[in-house]
Colleague: 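Here's a structure for you.
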Amino acid sequence: MESSDKQKKKSQPQPKPPLIKLKWVLTITCTSFLLSVVMSYASTEALRNANTLLSFVVLFVFIGLGILFDMIGVASTSATEKEFHSMAARKVRGARAAVWMTRNAEKVSSICNDVVGDICGIISGATGALITANITAGKDAGTVVIVSLLITGMVSAATIGGKAAGKSVAIAFSSKVLALCGRVLSVLPLKLDGRK
């Protein structure tokens, strides 16, 4: 009797997980909205009375943030959790958070690469446009076009080049990147552990 029940259980197809996780999609959409509002507000306030030099500093801060979070997203998909099990056993600070990041690489990558990375890209573009407007105020149309092209090219090159370099570093040193992230996360009031 028991053997026939076991055979029935084996023969029954296992239910497939849903292709689209609706709860996760809704969560990430709401998170994106909130982060976008907060980061846009922060950049607007920083640039409200800023001169051109300070505007460039704000611009490169957002480009740098995009590159940094892109590195974290890539590292989470490159690292393996085995690397952190011995650290967790020795109670090394941040090891459990690093295990969580590797087990949830899809979510971490989505947040870091898509949410934060894309928001930083959008804000960098808007900041570049604002810098262009400040520099070219009262200038002729030709100057406006040239300055606009130069700043757009500079923002694109810095973002793409920085992310390309960052990806190489993140893949080569994925465990170190995640170990550092784990230490930072261990200080924050987040409930992360080794489970999904």
Side-chain angles (χ1 to χ4, degrees), residues 24-25 27-29 31-40 42-44 46-47 50 52-84 87 94-95 97-136 145-185 188 192:
W24 170 244
V25 171
T27 302
I28 204 72
T29 302
T31 304
S32 301
F33 175 78
L34 290 172
L35 274 175
S36 181
V37 168
V38 169
M39 291 173 77
S40 294
S43 67
T44 303
L47 294 169
T52 304
L53 181 61
L54 187 57
S55 297
F56 273 106
V57 170
V58 172
L59 172 64
F60 284 109
V61 164
F62 279 104
I63 290 173
L65 273 176
I67 293 167
L68 177 64
F69 276 87
D70 191 70
M71 287 175 66
I72 295 168
V74 171
S76 70
T77 58
S78 301
T80 58
E81 64 177 271
K82 289 179 182 177
E83 302 172 58
F84 301 104
M87 292 170 63
V99 170
W100 183 90
M101 290 176 75
T102 56
R103 286 187 180 177
N104 295 274
E106 179 187 349
K107 293 179 180 180
V108 173
S109 177
S110 184
I111 291 170
C112 294
N113 298 97
D114 301 331
V115 178
V116 179
D118 289 353
I119 290 170
C120 285
I122 291 165
I123 294 175
S124 296
T127 305
L130 186 61
I131 291 170
T132 301
N134 288 340
I135 292 175
T136 59
V145 171
I146 291 169
V147 172
S148 177
L149 290 173
L150 287 173
I151 290 179
T152 302
M154 180 195 68
V155 171
S156 298
T159 302
I160 295 167
K163 286 188 176 183
K167 277 180 172 62
S168 300
V169 172
I171 291 169
F173 302 101
S174 57
S175 56
K176 290 184 179 178
V177 171
L178 285 194
L180 183 58
C181 291
R183 287 196 190 101
V184 173
L185 288 174
L188 300 176
L192 300 177

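Everything quoted here is computed from the prediction, not taken from an experiment.
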Colleague: Shortest non-hydrogen contact from Ala97 to Leu185?
Modeller: CB-CB, 4.1 Å
Colleague: OG1 of Thr29 to CG of Leu34: how many Å apart, nearest 0.5 Å?
Modeller: 11.0 Å
Colleague: Calculate, to the nearest 0.5 Å, the distance between atoms OG and CE belonging to Ser78 and Met71 respectively.
Modeller: 11.0 Å
Colleague: Quick check: does any side chain N or O of Thr152 sit under 3.5 Å from a backbone N or O of Leu149, one acting as donor and the other as acceptor?
Modeller: no
Colleague: Would you indicate whether the side-chain heavy atoms of Ile151 and Ile135 approach each other to under 4.5 Å?
Modeller: yes
Colleague: For the residue pair Ile119 and Phe62, establish whether any side-chain heavy-atom pair is separated by less than 4.5 Å.
Modeller: no
Colleague: Side chain to side chain contact (heavy atoms under 4.5 Å, CB included) with Ala79: which residues, sequence neighbours excluded?
Modeller: Glu83, Phe84, Thr102, Ser174, Leu178
Colleague: Given Asn134, which partner from the list Thr132, Ile131, Leu130 fulfils the side chain to side chain contact (heavy atoms under 4.5 Å, CB included) test?
Modeller: Leu130
Colleague: Write down the atom of Gly117, the atom of Lys163, and the distance for their closest heavy-atom approach.
Modeller: O-NZ, 4.2 Å
Colleague: Compare every heavy atom of Leu59 with every heavy atom of Ser124, then report the nearest pair and how far apart it is.
Modeller: O-CD1, 3.3 Å
Colleague: To the closest 0.5 Å, what do you measure between OG (Ser32) and CG (Asp118)?
Modeller: 8.5 Å
Colleague: Could you pull out the closest heavy-atom pair between Gly66 and Cys120, with the gap in Å?
Modeller: N-SG, 3.8 Å
Colleague: Taking Glu106's backbone N and O only, do any of them form a donor-acceptor pair with Ser110's side chain (distance below 3.5 Å, no angle check)?
Modeller: no
Colleague: First locate atom CH2 of Trp100, then atom SG of Cys181, and finally report the distance between them rounded to the nearest 0.5 Å.
Modeller: 11.5 Å
Colleague: Say you draw a straight line from CG of Asp114 to OG1 of Thr31; how long is it, rounded to the nearest 0.5 Å?
Modeller: 12.5 Å
Colleague: Please name the pair of heavy atoms, one in Ile123 and one in Ser40, separated by the smallest distance, quoted to 0.1 Å.
Modeller: CD1-N, 3.6 Å
Colleague: What heavy-atom pair brings Cys112 and Ile72 nearest, and what distance separates the two atoms?
Modeller: SG-CG2, 3.7 Å
Colleague: With sequence neighbours excluded, what pairs up with Thr77 under the side chain to side chain contact (heavy atoms under 4.5 Å, CB included) test?
Modeller: Ala105, Ser109
Colleague: Give, for atom NZ of Lys167 and atom CD1 of Ile67, the distance between the pair rounded to the nearest 0.5 Å.
Modeller: 10.0 Å
